[in-house]
Amino acid sequence: MDEPSENSNEGVGTSLSKVISDFIAGLSNEHRMLVILKAQLYGGTWEPMLDDLQNRLEGKPYIFKLVNRIKEDIERIEQMRKFEEQHNVDLAEYVELS
């Protein structure tokens with residue numbers, strides 16, 4: 001039986017990089033803006049942003065005023081948060097934050 005080579009994990013990393021780059025390439029401008037806001041205004045986590053959006057929907061005080069697409073933004077955040085958890089990545093490391 002052959003022992004695993006040192007390069008056996010290289011394919012996994014390359015495969016993961018491809019999955020991430022494909023996901024990033026498919027993000028809309030709205031998705032990218034949410035990633036930027038997460039990184040710059042919410043300490044790199046989705047929960048405070050989701051709380052803000054939910055509070056705004058419920059007429060409660062909120063920190064940051066996003067445009068009139070709250071429900072769509074919540075869906076986008078859930079999609080991206082799920083992707084981050086599945087692939088153990090932070091999309092802010094891949095989306096240009098300018």
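Everything numeric in this text was worked out from a predicted model, so none of it was measured.
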If the condition is side-chain hydrogen bond (donor to acceptor under 3.5 Å, both in side chains), which residues does [X] pass it with, not counting sequence neighbours?
X     : value
Asp22 : Lys18
Lys82 : none
Glu58 : Lys60
Gln54 : none

**Asked** With a 4.5 Å heavy-atom cut-off, do Leu91 and His31 have their side chains touching?
**Response**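 No, every pair of side-chain atoms sits at 4.5 Å or beyond.
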
**Val35 side chain near Trp46 side chain, heavy-atom distance below 4.5 Å** =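 Yes; the side chains approach each other to less than 4.5 Å.
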
**Prompt:** By salt bridge (charged side-chain N to carboxylate O under 4.0 Å, His left out), which residues pair with Glu30, not counting sequence neighbours?
**Reply:**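 For Glu30, no residue satisfies salt bridge (charged side-chain N to carboxylate O under 4.0 Å, His left out) once neighbours in sequence are set aside.
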
**Message:** Just to verify, what does Arg76 make a salt bridge (charged side-chain N to carboxylate O under 4.0 Å, His left out) with, not counting sequence neighbours?
**Reply:**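 In terms of salt bridge (charged side-chain N to carboxylate O under 4.0 Å, His left out), with neighbours along the sequence ignored, Arg76 is linked to Asp73.
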
**Prompt:** Which pair of non-hydrogen atoms, one from Tyr42 and one from Met49, has the smallest distance, and what is that distance?
**Reply:**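 Distance-wise, the nearest heavy atoms are CD2-N, 3.5 Å.
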
**Request:** Compare every heavy atom of Arg32 with every heavy atom of Leu27, then report the nearest pair and how far apart it is.
**Result:**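 Of all heavy-atom pairs spanning Leu27 and Arg32, the closest is O-NE, 3.5 Å.
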
Any residue meeting side chain to side chain contact (heavy atoms under 4.5 Å, CB included) with [X], in chain and number order, not counting sequence neighbours:
X     : answer
Glu75 : none
Tyr94 : Ile20, Ile24, Val89
Asp90 : Lys38, Glu84, Ala92, Glu93
Thr45 : Glu47, Pro48

**Prompt:** Hey, what do you get for CG (Asp52) to CG (Leu41), rounding to the nearest 0.5 Å?
**Reply:**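 Going from CG on Asp52 over to CG on Leu41, the span is 9.5 Å.
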
